[in-house]
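Input: a single structure, listed below in structure tokens.
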Amino acid sequence: MMGFEKNTNVISAVTQELKIPQMPVPEVTSYSCDVLVVGCGWAGLNAAYGAKKEGADVLVVDKGTPGYSGLSSFSSSHQWYDKEMGDDLQACLDEMVMANEYLANLNWYKTWAAHSKETYQRLMDWGLLTQYPTGKESGHWVDGDWRHDDLTGYHEEFLYADRRNRWAEVLRENEIPYVAQTMIYDVIEENGRVVGAVGFHVPTATVIRFQAKAVVLCMGGGSIKSVGFPTSCDTFDSDWIGFRHGLPIVGKEFDDFHFSASFAPGNVLTCNSWTYLENIWLTGGDIAQETLLGRAQGEAQNLILPRLESVTKGLPEYHRTDIQPSSGRGKSRSGIYEDPRKGKWTSDLPKGDTYGCAVGMQLHLGCGIFCGIDDVEGKTGLEGLWVAGDGCNGSCVSGGSYLAATGFTSNFCSTQGYIAGEAAGKFIQNTEISGISEEVWETYRKEILKPMEKQKGFDPSWACDQLHAIMAPAWVTIVKTEESLTHTLGLVRQFKRDVLPLLKADNAHELRLCHEVEHKTLCAEMKLRASLERKESRGYHYRADYPYRNDEYLCYLTITKDGDDMRFDRIDLKEEWKGDTGMPYEQRYRTFRFPGERQALNLPDDPSIPSGGWGPTQAFVIREDAGKEKEA
């Protein structure tokens, strides 16, 4: 709806007929605490617990409901490092370096390895990793039909194991209060440090105040629009907050790898309906030196090359029975019978056949607010503010891809959250709560509610559809060129100029959508500009006009607010993270070849290296001068 005047008589009649209930305004609209944790998924729950263990008075606030928001409820696997089960730390580090395209942050990986087993045990004790019969084992599976038709019966039989309920229960058991259905709009900064946050109750648009000595953001990542993958209410809220306060954002050029079904690309139930019902598969972290290359190549064949192949060549005619179920990904190779990390082979849950189901979704653990190359606690450049979790802390632990990280996200986010919460809990011990003036609260109140005061404007749902249409084409997020990125950037800037200022909310639900569309638009611009800056192909960033790796880009690209513009900076990596840069190109990069890479650099044809060849029908044209800059 594009600003058309609404027939109020019709709306009144419909409202009266439907008897839409009025939600009660929250009884409490002002809170004070030591540590405020924003978001309650894997990272947020553990951050709250870590701060509480330090004796802090902790409050959790969630835009939805703890355990039901974001991606946490759809986690499908869980990995940890276990030396007693034969895991080789150096082999794991080597795999992260090579498979994640020489951009992996090994500081964070080593920190995870040191804490991941205790994290696993804590989550198991909380009942979040309880193991129970799979759909196939329980008898609710209709033989030969991967849809698992009896979802209701399976859910009711194993309702005790529904881990989503446990988030709130764990908070109550640890005497940690929480505020649900409240969207944090911004953190409040005073004299260079965080002194609280402000948000609004989503059902009623009631503005709510939070005074705190420290804030831990665990708000998740986001997608411009989810069609086929359950990103729930993840909408880049923390990126918007961090950017607004001058904090650097990293990893925007690397895109998500999840997929859906080509015959039902927008139906999240088709390939993900049982994810929250089944077990979280316990997967192995061990890897031997002699199997490094093979595992990295195998993951590339599963997670990178098919994505490019489907875009450049198109898809054959598919029927749902042609989609193969998962089997064995991430299982332990320890050979020890007692090792519980059996992998995903325990059930035949299916996966899709095409990509791009969550446009704009960030690469797991590679994107978010950047805290510095040496940070291993999530402390930002704004005093009193910590960040943790997927899409919030730009730890870059997964580098430019996710090839060595099956099952890694849930444990890593939990570990990182606990560390950030613990650090915030220690920080507040010598800190006083600062009073926030009524003038500041009133300024924020007006800013939050501004879309509800407009008499004419654009519907935020319509606006989100337009942004999705701009960013959805494969030549914007999957197969990129200077031309496609520059053209799309112009459209996003026009959208930012002509649509965002006129977003209008007729109710509290639309108010949330108005702010989320603004966050998504910022992310779209950052994603396009970061993709233009990185003139190479690496991991989940593919430039058809630069179809090869270029070690001049062995760096993290950060984006920081610079007046009304964005500033890009290159953060150089530690030398030991870069691998052997003196090795010949064809030996250094042996995991896979991008489409056009071999031709651009005149590399020998090596059948042992998986390749995304263009084939006889070339969907996108490689620049004729591709590779010449490198030769020069």
Side-chain angles (χ1 to χ4, degrees), residues 25-40 44 47-48 51-52 54-63 176-219 237-247 369 378-388 392 420-421 423-453 508 511-512 514-515 518-519 561:
V25 173
E27 294 182 4
V28 180
T29 59
S30 183
Y31 294 87
S32 180
C33 61
D34 290 335
V35 177
L36 178 68
V37 176
V38 183
C40 195
K52 182 72 174 182
E54 292 299 317
D57 175 23
V58 183
L59 178 66
V60 171
V61 58
D62 194 281
K63 185 161 63 171
I176 301 173
Y178 68 89
V179 180
Q181 295 182 303
T182 298
M183 180 178 181
I184 292 298
Y185 175 73
D186 199 4
V187 296
I188 298 177
E189 177 183 351
E190 193 173 272
N191 298 323
R193 66 178 295 264
V194 166
V195 293
V198 61
F200 61 96
H201 183 233
V202 173
T204 63
T206 304
V207 175
I208 301 181
R209 311 172 176 188
F210 300 89
Q211 291 192 121
K213 298 178 182 179
V215 176
V216 185
L217 300 182
C218 306
M219 305 169 81
D237 300 343
S238 62
D239 284 346
W240 186 84
I241 291 173
F243 183 79
R244 180 177 166 118
H245 288 269
L247 299 175
I369 296 173
K379 184 179 181 180
T380 72
L382 182 57
E383 186 179 7
L385 181 66
W386 276 261
V387 289
C392 195
K426 293 177 179 177
F427 169 82
I428 59 91
Q429 293 175 8
N430 297 309
T431 305
E432 297 296 327
I433 288 184
S434 299
I436 303 173
S437 69
E438 287 298 321
E439 182 181 3
V440 170
W441 291 124
E442 181 61 19
T443 299
Y444 270 109
R445 189 191 70 80
K446 290 180 178 179
E447 191 173 323
I448 290 171
L449 299 178
K450 188 175 181 180
M452 299 190 76
E453 298 171 356
L511 178 64
R512 174 178 66 85
C514 285
H515 293 305
E518 184 175 358
H519 301 173
K561 183 176 172 58

Full working for side chain to side chain contact (heavy atoms under 4.5 Å, CB included) between Ile436 and Val198:
CA-CA 11 Å; Ile436 303 173; Val198 61; over 6 Å; no

Step by step, work out the side chain to side chain contact (heavy atoms under 4.5 Å, CB included) result for Ile433 and Ser32.
CA-CA 8 Å; Ile433 288 184; Ser32 180; 3.2 Å; yes

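Separating the CG atom in Leu385 from the CG atom in Leu217 is a distance of 4.5 Å, to the nearest 0.5 Å. Distance CZ/Phe200 to CD/Gln181: 12.0 Å, rounded to 0.5 Å. Put simply, CD1 on Ile428 and CG on Asp34 are 4.0 Å apart, with the number rounded to the nearest 0.5 Å. Separation of atoms CG (Leu449) and SG (Cys514) is listed at 11.5 Å; rounding is to 0.5 Å. In this structure, CD on Glu190 lies 12.5 Å from CD on Glu383, to the nearest 0.5 angstrom.
Looking at heavy atoms from C-beta onward, Arg209 lies out of side-chain contact with Tyr444 at the 4.5 angstrom threshold. Taking 4.5 Å as the limit, every side-chain heavy atom of Val187 sits out of range of all side-chain heavy atoms of Val38. In this structure the side chain of Thr380 never reaches within 4.5 angstrom of the side chain of Val194, judged on heavy atoms. Side-chain contact between Ile241 and Met219 is present, with heavy atoms from C-beta onward closer than 4.5 Å. Residues Ile184 and Asp237 form no side-chain contact, since every pair of their non-hydrogen atoms from C-beta on lies 4.5 Å or further apart.
Nearest approach of Val60 to Cys40, heavy atoms of both residues: CG1-CB, 3.8 Å. Nearest approach of Tyr185 to Trp240, heavy atoms of both residues: O-CZ3, 3.3 Å. Of all heavy-atom pairs between Ala212 and Leu36, the closest is CB-CB, 3.9 Å. Closest heavy-atom contact between Met452 and Ala508: CE-N, 4.2 Å. In plain terms, the two heavy atoms of Leu59 and Pro177 that are nearest each other are CD1-O, 3.6 Å. Scanning both residues, Gly242 and Ile369, for their nearest heavy atoms gives CA-CD1, 3.8 Å.
By the neighbour-count criterion of 12 heavy atoms within 6.0 Å, atom CD of Glu453 is densely surrounded, having more than that number from other residues, nucleotides or ligands. Atom NZ of Lys561 has more than 12 neighbouring heavy atoms from other residues, nucleotides or ligands inside a 6.0 Å radius. Summarising the local packing, NZ of Lys379 is surrounded by 12 or fewer heavy atoms from other residues, nucleotides or ligands at distances under 6.0 Å.
Classification of the Phe210-Tyr31 ring pair by plane angle, with boundaries at 30° and 60°, yields parallel.
A salt bridge between Glu442 and Arg445 is present, with a side-chain N of the basic residue lying under 4.0 Å from a carboxylate O of the acidic one.
For the residue pair Asp186 / His245, a side-chain donor-acceptor distance below 3.5 Å is found, with atom types taken as modelled.
In terms of modelled atom types and a separation under 3.5 Å, the side chain of Thr182 and the main chain of Val61 share no donor-acceptor contact. Remark: the backbone N or O of Ile448 is paired with a side-chain donor or acceptor of His515 at under 3.5 angstrom.
Applying the salt bridge (charged side-chain N to carboxylate O under 4.0 Å, His left out) criterion to Glu447, with sequence neighbours excluded, gives Arg244.
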